[in-house]
Number of protein chains: 2
Amino acid sequence: MEKPEAPPSRRDEILDAAERMIRAAGYNAFSTRDVAEAVGIKAASVHYHFPTKADIGVAVTRRYTERFLLELGEPAAFKGNLGKTIAHYADAFRRALKRDGKLCVCAVLGAEIGGLPADVGEHTRMFFERNLEWLTGAMMASSRIGAARARRHATLVLAALEGALIVSKSLGDESVFARVADGLENVRA
Amino acid sequence: MEKPEAPPSRRDEILDAAERMIRAAGYNAFSTRDVAEAVGIKAASVHYHFPTKADIGVAVTRRYTERFLLELGEPAAFKGNLGKTIAHYADAFRRALKRDGKLCVCAVLGAEIGGLPADVGEHTRMFFERNLEWLTGAMMASSRIGAARARRHATLVLAALEGALIVSKSLGDESVFARVADGLENVRA
DNA sequence: GTCTATAATTTGATAGAC
DNA sequence: GTCTATCAAATTATAGAC
C-alpha cells in the first residue's frame, strides 16, 4: 500500500478550509476566525499552526501548485496528439469546477494580486510560470511545434482556461467552461 | 461642442477612486476610508453620496459596463473581417492594461464573485452577458459564421482576454497579453 | 455636502493557562 | 495543541452640527 490511509492533520484541515474560501471569494474575504470555525477550533489555534494569515496563503498556494502539477503527470506523456494534450490539461481545471463549483486558486489570487502580501503574490506568479513550462513542454512533445510557437500557444490555452472559469462561474453556467475547453482543443497552434 | 468640459462631480471622483482600487486588488481590499482619502474628503462624506459600500460597487460596475460598450461602438461596424473584429475587441482590454497596468473591473469581481454583495455580483454577470452579446453580434456581422458558432467563439475570445489580463499582470509581463490577443486574431472560429 | 463623533463589529495577532 | 482572554486597529455605518 502506497497510501497508508493517513487521516488529515489539523494543518491540512486548516489549509483545506482556507483553500475552499479563497477559491470561493478570495484572499481578502476570509478571516482566520472563519477558518477556525470551519475546522472546529479557535482562532488562536490557527495562529499556532500558521503565525500569520499570509503564511496560510503561501501554504495554500504552494500545496495547490504541487498537487496540480503532480496530477498533470509528465509533459512528455502525450506524444503525437496536440488536441489530446490540451484536453488533458483542460481536464485538470474542469475537475476543480465540476467537483465543487470553485475556481482555480490562482485565478482568484491572480485577479487580486495587487492586494496580496508579497510572498502570496510571488507564489501565485510561480503557479503560472510552472504551468506555462509544463504546457510548453507537453506541446513540444506532442507535435512538431517549435519552442516559441509552443510557448505562445501555451499562454493562450492557460489564459483561456483561467478566464473561462471566471466567466463560467459569474454566469452561473458550467457549460461555458466546457465550450471554451472544447474550442481550444480544435484550435491550431 | 459636444463636451462642455464639465469638471468631474464628487460622485465621479469617488467612483474613479473605487474603480482604481477594485481593479488593483478587488472589492474586499478597499474601505470607504481608503476611497475618502484618495478623494480628499472624510468617510462620512462618501456615505452621503453612496449609503453603503455595495452601492459603490454597483455604481462602479454599471458605469464601467456602459463605458466599455460605448467604446466598442456598433457591432455591425466590422463587416467582412473577423480578425479585425477580434482585434478591435481586444484593444478595449489592451488599453485598460496599458494605460494604468490594471485589470478589467469584471475580471477581478468575477474571480471574487462568491464573496460579493448580491447586487454587485449580478451586475458583474451582466457585464459578461452583454459582452457576449456584442461579440456574437459583431462576429456574425463580420463573417458568414452561424449564431451558435459565433456565440461559442465569442465565449472563447472573452474568456481568453480576461484570463490574459490576469496571467499577464501576475507574471508582471505586459507582452503576455499582447501575445494572447494576437493569437486570438489568427484563430479560425 | 462635509464635518466630528461615535457606535457596533470584525480583524489579525499575542500572552499565558491547561 | 488548544484554550480563554485580551488588544489595538480597522471597518461599515449613523447621528447630528455646520
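Each chain gets a letter, A, B and so on, in the order the sequences are listed, and its residues count up from 1.
- When the local axes at the two ends of the helix from dG1(C)-dC18(D) to dC18(C)-dG1(D) are compared, using 5 base pairs at each end, they differ in direction by 10° after rounding to 10°.
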Side chains of residues 178-189 of chain A: which donor-acceptor pairs under 3.5 Å do they make with residues two or more places apart or in other chains?
| residue | atom | partner | partner atom | Å |
| --- | --- | --- | --- | --- |
| Arg179(A) | NH1 | Ser175(A) | OG | 3.2 |
| Asn186(A) | ND2 | Asp182(A) | O | 3.3 |

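- Residues passing the salt bridge (Lys or Arg N to Asp or Glu O under 4.0 Å) test with Arg10(B), sequence neighbours excluded: Glu13(B).
- Among residues two or more places apart in sequence or in another chain, the salt bridge (Lys or Arg N to Asp or Glu O under 4.0 Å) test is passed with Arg125(B) by Glu122(B), Glu129(B).
- On the nucleic acid side, DNA chain C has its first and last nucleotide under 4.0 Å of a heavy atom of chain B at dG1(C) to dT4(C), going 5' to 3'.
- The shortest distance between side-chain heavy atoms of Cys106(B) and Phe68(B) does not fall below 4.5 Å.
- Residues satisfying the side chain to side chain donor-acceptor pair (under 3.5 Å) criterion with Ser170(A), sequence neighbours excluded, are absent altogether.
- Each salt bridge (charged side-chain N to carboxylate O under 4.0 Å, His left out) pair with one or both residues in residues 130-141 of chain A, not counting sequence neighbours, appears once here: Glu66(A)-Arg130(A).
- Within the structure, salt bridge (charged side-chain N to carboxylate O under 4.0 Å, His left out) contacts touching residues 17-36 of chain A (residues at least two apart or in different chains) are Glu19(A)-Arg23(A), Glu19(A)-Arg63(A), Arg23(A)-Asp100(A).
- Within residues 18-49 of chain A, the residues having any heavy atom closer than 4.0 Å to DNA chain C are, in order of number, Phe30(A), Ser31(A), Thr32(A), Arg33(A), Ala44(A), His47(A).
- Within the structure, the side-chain hydrogen bond (donor to acceptor under 3.5 Å, both in side chains) test picks out the following pairs touching residues 50-60 of chain A (sequence neighbours left out): Thr52(A)-Asp55(A).
- The side-chain hydrogen bond (donor to acceptor under 3.5 Å, both in side chains) analysis of residues 86-96 of chain A, with sequence neighbours excluded, yields the pairs Glu71(A)-Arg95(A), Tyr89(A)-Asn131(A), Asp91(A)-Arg94(A).
- Arg149(A) is linked by a side chain to side chain donor-acceptor pair (under 3.5 Å) to nothing, counting only residues two or more places apart in sequence or in another chain.
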